[in-house]
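A short write-up of the structure that comes next.
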Amino acid sequence: MNRTLISLAALLVAGPALAQSVGEKTGVNSALGVSPSTADFVKQVAISDMFEIESNKVGQQKGNAEEKTFASQMVTDHTKTSTELKGLVSGGKVKAELPTALDSSHQSKLDKLKGASGNDFSSQFNSMQVDAHKDAVDLFERYSKGGDNADLKDWAGKTLPALKHHLEMAQNLGKKSAPTTGERK
């Protein structure tokens, strides 16, 4: 009985501290519109940038002309945001750990993309870019509205318009070459 009470008390005390991290991992925070913690935001942004850079390097090699143009822009832009984030952390304005490698989920997506070719590559690449940018826009919107670090919150707000533009570009990938219903005879 004593162990149960102690365990329950420990969970109740630790719960609020862990809630945001667990919520961010499960997508609960996104569904509820809750701002991620600074540590979670930094981690997710760093992984997102790493994934964007690496997946778009693959796009530069394997993509069609439209995908290669998009991929070059993404490598440039996400290298810039990655450098800016590293500057905020190394400059002491943001207290957080920067991951040095992709998490298993993003690594798996990257590996799958590397193994694809032709139309299969295009389909996967375009879908991954849309999904990644939807997630990034959501993450940046939530932090820019409710983040707890003023410098990082400001940076998130300033970066958001570019991410929204990236999402729009990703959503338009492949649409120029695909015939519309009206063009078929």
Residues Glu168, Lys164: salt bridge by 4.0 Å N-O rule: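 A salt bridge is absent here (no side-chain N lies under 4.0 Å from a carboxylate O).
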Under-4.0 Å salt bridge between Asp138 and Arg142: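 Judged by the 4.0 Å cut-off on N to carboxylate O distance, Asp138 and Arg142 do form a salt bridge.
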Would you indicate whether the side-chain heavy atoms of [Y] and [X] approach each other to under 4.5 Å?
X      : Y      : answer
Leu160 : Tyr143 : no
Glu54  : His78  : no
Leu139 : Pro36  : yes
Lys68  : Gln61  : no
Asn64  : Phe121 : no
Lys43  : Glu97  : no

Greater than 12 external heavy atoms within 6.0 Å of Lys62's NZ: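 Yes, NZ of Lys62 has more than 12 neighbouring heavy atoms, counting only those of other groups under 6.0 Å.
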Roughly how far, to the nearest 0.5 Å, is the [atom2] atom of [Y] from the [atom1] atom of [X]?
X      : Y      : atom1 : atom2 : value
Leu113 : Lys57  : CG    : NZ    : 14.0 Å
Asn126 : Lys175 : CG    : NZ    : 10.5 Å
Lys93  : Asp154 : NZ    : CG    : 9.0 Å
Lys158 : Thr81  : NZ    : OG1   : 15.0 Å
Asp131 : Lys109 : CG    : NZ    : 6.5 Å

Considering all heavy atoms, the nearest [X]-[Y] contact:
X      : Y      : answer
Gly147 : Ser35  : N-OG, 3.3 Å
Phe41  : Ala156 : CZ-CB, 3.9 Å
Gln124 : Ala116 : NE2-CB, 3.8 Å
Val42  : Leu85  : O-CD2, 3.9 Å
Ser122 : Glu67  : OG-OE2, 2.8 Å
Ser55  : Gln129 : OG-NE2, 3.1 Å

Does either side chain, that of [X] or that of [Y], offer a donor lying less than 3.5 Å from an acceptor on the other one?
X      : Y      : answer
Ser82  : Glu52  : no
Gln107 : Asp111 : yes
Thr38  : Asn149 : no

Residues Leu173, Phe125; criterion side-chain contact (heavy atoms from CB on, under 4.5 Å); working and verdict: CA-CA 9 Å; Leu173 278 174; Phe125 178 77; 4.1 Å; yes
Exam field: side chain Ser144 to backbone Phe140, donor-acceptor pair closer than 3.5 Å: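 Looks like yes, one N/O pair under 3.5 Å.
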Sidechain-backbone polar pair: Ser108 side chain, Ser104 backbone, donor-acceptor under 3.5 Å: no
Parallel, tilted or perpendicular, as decided by the 30° and 60° cut-offs, for the rings of His166 and His133: perpendicular
Summary of ring-ring contact (aromatic ring centres under 6.0 Å, His included) pairs that have at least one residue in residues 49-70, sequence neighbours excluded: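 For residues 49-70, and leaving out neighbouring residues, the ring-ring contact (aromatic ring centres under 6.0 Å, His included) pairs sorted by first residue read Phe51-His106.
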CA sep, side-chain torsions, deciding dist, call: Gln44, Asp40, side-chain hydrogen bond (donor to acceptor under 3.5 Å, both in side chains): CA-CA 6 Å; Gln44 293 303 316; Asp40 283 343; 5.9 Å; no
I'd like to know if [Y] and [X] are part of one continuous hydrophobic network [Ile/Leu/Val/Met/Phe/Trp/Tyr, side-chain heavy atoms within less than 4.5 Å].
X      : Y      : result
Met128 : Ile47  : yes
Ile53  : Val58  : no
Leu98  : Trp155 : yes

Residue pair Lys145, Glu141: steps toward the salt bridge (charged side-chain N to carboxylate O under 4.0 Å, His left out) verdict: CA-CA 6 Å; Lys145 289 177 185 169; Glu141 279 180 339; 5.2 Å; no
